[in-house]
Asks: 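Sending over a structure as C-alpha cells; questions will come in a sec.
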Amino acid sequence: MLLDPFRRKINYLRISITDRCNLRCRYCMPEGGIPLIPHEEILTYEEILRLVRVFATEGISKVRLTGGEPLVRKGIVDFVSRLSQIEEIKDLSLTSNGILLKEFAQDLKNAGLKRINVSLDSLRKERFYHITRRDDFEGVWAGIEEALKVGLSPIKINMVAIQGLNDDEIESFARLTLTLPLTIRYIEYMPSGNGEEWKESDILTIPQIKNQLENVGKLVSIPSDRWDGPAKRFRIEGALGEIGLIGPVSSHFCADCNRLRLTPDGKIRTCLFSDEEIDVKELLRNGGSDHDLKEQLLLALKKKPERHPINTHQFKKCQRNMSAIGG
Ligand code: SAM
C-alpha cells in the first residue's frame, strides 16, 4: 500500500498520454495552441505500460487516461487493451472531449474500457463553438450517444461552470439526467491552463450551482463508493442519472487526495497545482531497473504536498499548461 507523509492512501494514477488536443477551449488554451512537447520526448506506450505494471505492484489500482486529447494519439485502442489486461488495475477510465468518441466508443469498449468522462461545457451549438473554437457540438453529442449505445457506464459529463460563459446552462445540463443515465458533474473553474484569463469573480461556486439545481427538483444525496473521486454525488428525485459537484476552489478536498499524475514526457506530478516533478523518463530510457522506478514513485509520494495552494498567499500559477499535465 502506498501511503504519503499525511497518511493518505495513494492508489490512483492519471496518465496524460499526449499534450496534443483537437480543441482550443478558451479557458484552457490560447487559439494558436501552446508549444508542443517534441515527439521523441513523449513516453512510448511500451514505456507507460512498464511503469504502470511496476507501480501496480506497489498499490496503484486505478488509472485514468487523459491529455491533451487522448483519442488523438495513434494506437490508443491497442494501448487500452493492453492496460486493461494488467490484473492489479481494477478501474481503468478515460477523459475525452468527445470529438472522436463516435468513431472510437465501440473499439474502446471491446478493448476493455468500462467507463468514460466527456468534457462538455455547453449544450448550445453556437456557444460550444465560441468556447472550444471548433464547430462540432453535434459530433460530441453523437459520441455521447454512441458511448451510451455500446454500454460504456457510467458516462460522466464534466462541465466547467464559468460566470458569464455558461452559468445559464446549469439547469439544462441537470435536466439531461431526468431521462438519460448520465452523470453530470459541475466543476469549479480553476486557476490553471490559459490562466492569464482566470479571475476569481469568474468562478461559479458549488453552493451557487446547488442553488440553481434546486429549481430542477429535489436533490437527494447519494453515498459515495470507494472508486468515487472528489465529487459529492446527488440525484434529482426521480431522475435516471446523477449529479456530481466538484469544488476544488471553494472547498479543497486535498485531505482525501489519492492521486499522482504522469505527464506525457515522463514526469510524475504530485499535485495539479505544484510544479514539483519527478522524472522517470531518464530511468526508462537508460536502463533503470524496476526497483529504481519504484524509488522514484516513493520519492514522489514523499513530496506530495498536504494541500494545493489555491486560496492561500503562496498561490502562483503552475508552469505547465493543463493540456500538458492532464486535467
Ligand atoms: N481533452 C480531454 C478532455 O477534454 O476531457 C482531457 C484533457 S482536458 C485538459 C481535462 C479537463 O480539464 C476538461 O474537462 C477541461 O474542461 C478541464 N479544465 C481545463 N482547464 C480547466 C480549468 N481552468 N478549470 C477547471 N477545469 C479545467
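Remember, it's 1-based here, ligands and their atoms both numbered in the order they're listed. Only heavy atoms go into these numbers, but all of them, side chains included; no hydrogens, no water, no symmetry mates. Counting from 1, the numbers follow the sequence of the chain as shown.
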Asks: Please check whether Ser119 reaches ligand 1 - meaning an N/O of the residue sits under 3.5 Å from an N/O of the ligand, judged on distance alone.
Replies: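 Right, the criterion is met.
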Asks: When Met159 is tested against each of Ile246, Leu123, Ile187, Ile170 for side chain to side chain contact (heavy atoms under 4.5 Å, CB included), which residue passes?
Replies: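 Exactly one pass, corresponding to Ile170.
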Asks: Does Lys62 make a cation-pi contact with Tyr12, if we ask for NZ or CZ under 6.0 Å from the ring centre and within 45° of the axis?
Replies: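 The answer is yes, since Lys62 meets both limits relative to Tyr12.
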Asks: For Pro191, is at least one N or O under 3.5 Å away from an N or O on ligand 1?
Replies: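 No, no N or O pair falls under 3.5 Å.
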Asks: Considering Met29, Met190, Arg185, which one's heavy-atom position lies nearest to atom 22 (C) of ligand 1?
Replies: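 Closest candidate by heavy-atom distance is Met190.
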Asks: Just jot down the ligand 1 atoms closer than 4.0 angstrom to any heavy atom of Thr95, in number order.
Replies: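 That gives atoms 2 (C), 3 (C), 5 (O), 6 (C) of ligand 1.
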Asks: Based purely on interatomic distance, does Tyr27 place a nitrogen or oxygen under 3.5 Å from a nitrogen or oxygen of ligand 1?
Replies: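 Yes.
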Asks: Relative to ligand 1, is Cys25 under 4.0 angstrom through side chain, backbone, both or neither, heavy atoms considered?
Replies: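 Neither part.
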Asks: Inspect the surroundings of CZ in Phe6 and state if more than 12 heavy atoms from other residues, nucleotides or ligands are less than 6.0 Å away.
Replies: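 Enclosed: over 12 neighbouring heavy atoms sit under 6.0 Å from CZ of Phe6.
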Asks: Quick check: Thr66 and ligand 1, any N/O pair under 3.5 Å apart?
Replies: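 No.
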Asks: Taking only heavy atoms of Glu188, which atoms of ligand 1 are found under 4.0 Å from at least one of them?
Replies: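 Going through ligand 1 atom by atom, the ones under 4.0 Å from Glu188 are 25 (C).
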Asks: Looking at residues at least two apart in the chain, or sitting in another chain, which of them share a salt bridge (charged side-chain N to carboxylate O under 4.0 Å, His left out) with Arg259?
Replies: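 None.
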Asks: Please check: side-chain N/O of Arg235 versus main-chain N/O of Gly241, any donor-acceptor pairing under 3.5 Å?
Replies: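 Checked: pair present.
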Asks: Under 3.5 Å, N or O to N or O, is Gly68 touching ligand 1 that way?
Replies: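 There is such a contact, yes.
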Asks: Which ligand 1 atoms does Cys28 reach within 4.0 Å, using its non-hydrogen atoms?
Replies: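 Answer for ligand 1: 19 (C).
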Asks: For Phe79, check ring-ring contact (aromatic ring centres under 6.0 Å, His included) against everything at least two apart and list the hits.
Replies: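 ring-ring contact (aromatic ring centres under 6.0 Å, His included) list for Phe79, sorted by chain: Tyr45.
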Asks: In terms of side-chain geometry, is the basic nitrogen of Lys114 or Asp91 positioned less than 4.0 Å from the acidic oxygen of its partner?
Replies: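 No, this pair does not count.
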